[in-house]
Amino acid sequence: MPASISMPKILSSSSSSSSISRRKPAPAAFTRSPGCRVTPPPSLRSNTRFAGSCHTVASSGTSLAEYSGEGASAVGYQDGGLPFVNLSSSNIQRTEPILPKDESTPSLLLAALPAPQKGNGPEGHLESTPAYPAAMKALFGACLAGNATEHLWNFTWPAAVATLHQSLLPVAVLGFFTKLVVFVAGPLVGNLVSSLPLIPTYRSLTVIQTAAHFVSAAMITYAFTFPRASTAPELLLQPWFAVLVASTAVDSLSRVSLGIIAERDFVVQLAGEGRRIALAQANATLSRVDLICETAGASVFAFLLSKNDPLTCIKLSCLISLSALPLHIFLGGAMNRLADGVFDHSDHRSLHAASTFDVRMIVVDAVATIRRGWSEYISQPVLPASLAYVLVCFNVALAPGALMTTFLIHHGVSPLVLGVFAGSSALMGILATFMTPNLVKELGILNAGAAGLLGQSALLGAAVLVYLTGSISRRGALFTFLGLIVVSRLGHMAYSVIGLQVVQTGSPIGKAKLIGATEIAIASLAELGMMAVAVAAKDVSRFGAVAVLSAAAVAAAAWLYCAWLANSTQHLKTLFPS
């Protein structure tokens, strides 16, 4: 099930293998070898470089049973011979699960290869060691350089735009059209990127993204040279705002494309064929690096805003992006050199694919894939769990992001509070990656998912009650409101990870990729719909209505999921033995 998803990237299927994620790749204990893993089409990734939530906060990609000593996954058999996952501190046992070949049969997504204990013999050491360890570290460095500046920018531009008018409308309109453009253009851009040489394309996209930041900053700076618009519609009709929308969309498309390359090609090839433990460890590291970058971005943003006005902050953010660009480009090339030029081997095939790029056929294929995806999505045996995740994605107000930043700035919140709020939310995501395995061990995977949703729903409901009492103008009430939202991120991240496992386990082998792609598309549409509600709300005084809808969507997700568990069928009990 991402992220911190946020958007569909490609609806067409891809021949390359990669990990499916909302924000991050799939867990170790449920993945096969790279040739057999469930993989989203290259166009359907989260809107962060390395994944993906349905929201701006990085989603957890850490495995429920990450191979890391304590809390490692043990694979075994129960009753009818079906493999099951036992989260415990015991060793990973060698098994030979026979996966059904009929694509209508649900897949348990367990490793088809034996899973020896890490460090226990040469086979275990091979599985846990990347094929190119030095190149993998270069990838982590590139992720650190790119994501840190990206998160800083994502905190900075809403703060600057929010000061142009006392309304939610400018930020909401930017968010709406950005998601719309990515949803519509994602399949075409993703297919084009897939047909080009990897390293030159990766470097070019980093340059394009930085250029988009500069264009956006220039437009916002230009807007500050004019008298403030008296009404929000007057501001939206300015030519510079149209350019700002376009540059923001280019930034998002570049981020999407960078995520496609990194998640589909870089991580998988650097980990090596059949080294599922090394791949899971790399995925978990990238997940935590992204969350750390978000924490750092929030901290730097708070520091800059405490010392400067928003316009100066956005200029400084662009300078930081420009300073990190050479390092990002260098690390991309160093990664390829340390991997013995492995990413150059497909260049001749890529150039041939680019020469046959047909927009009309891509559109036709995309439409056909959408229709087939809807049919398979609705018929999947774990549909309620997937729908619960889609409902959670409706929460765009009671979460760190552009709307919350705009609301807090208009509410007179200090830069320090803004930074602490965003950074604490990211730290909760990191904490959730360590807590989730223990939660599953104690409650079981299905009940752990219910616990995550119920916890998030209760905390967001309490936050809405604090807001509706009207006492949020007092410092104590404001901190309580924000604190409840921060703690609710634990439940959000936990269900993002657990729900992913549930849907993967219940999806038929040959259709899991298509079902996952359709789910991410629907989740992105949910975000798009809530952005439309924010556009309709216009004024900050109506933020409460958007907040109530967000909390109600999470409560509906918890109710749907728990009702599904209360009326579980024998087939569900077979898929998830207690």
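In this text the structure is predicted, and so the values were computed from the model without any measurement.
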Does some side-chain heavy atom of [Y] sit less than 4.5 Å from a side-chain heavy atom of [X]?
| X | Y | result |
| --- | --- | --- |
| L286 | F266 | no |
| M136 | T285 | no |
| Y132 | Q269 | no |
| Y495 | V502 | no |
| C143 | L139 | no |
| Y389 | I498 | no |
| L144 | F140 | no |
| M530 | N395 | no |

Least distance between heavy atoms, [X] atom then [Y] atom:
| X | Y | value |
| --- | --- | --- |
| A558 | L454 | CB-CD2, 4.0 Å |
| L453 | V554 | O-CG1, 4.5 Å |
| S457 | A555 | OG-CA, 3.3 Å |
| A385 | W564 | CB-CZ3, 3.8 Å |
| A526 | C393 | CB-CB, 4.3 Å |
| M428 | V486 | CG-O, 3.4 Å |

Between [atom1] on residue [X] and [atom2] on residue [Y], distance to nearest 0.5 Å:
| X | Y | atom1 | atom2 | answer |
| --- | --- | --- | --- | --- |
| R255 | N154 | CZ | CG | 5.0 Å |
| S425 | L490 | OG | CG | 10.0 Å |
| L291 | T295 | CG | OG1 | 6.5 Å |
| L427 | E294 | CG | CD | 9.5 Å |
| S424 | L482 | OG | CG | 9.5 Å |
| S496 | Q456 | OG | CD | 8.0 Å |

### Test side-chain contact (heavy atoms from CB on, under 4.5 Å) applied to I430 and M493, step by step
CA-CA 9 Å; I430 299 175; M493 296 297 180; over 6 Å; no
According to side-chain contact (heavy atoms from CB on, under 4.5 Å), who are the partners of [X], at least two apart in sequence or on a separate chain?
| X | result |
| --- | --- |
| L391 | F394, A556, A557, L560 |
| S568 | L572, K573 |
| F176 | L180, L528, M531, A532, V535 |
| L484 | L459, A462, A463, V466, T480 |

### Message
Taking ring pair (Phe, Tyr, Trp, His ring centres under 6.0 Å) as the definition, give me every residue that meets it alongside F407, ordered by chain and number, with sequence neighbours left out.
### Response
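Scan of F407 (ring pair (Phe, Tyr, Trp, His ring centres under 6.0 Å), adjacent residues dropped) gives H411, Y467, F543.
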### Query
Counting heavy atoms not belonging to F177, are there more than 12 under 6.0 Å from its CZ?
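Incorrect, the count does not exceed 12.
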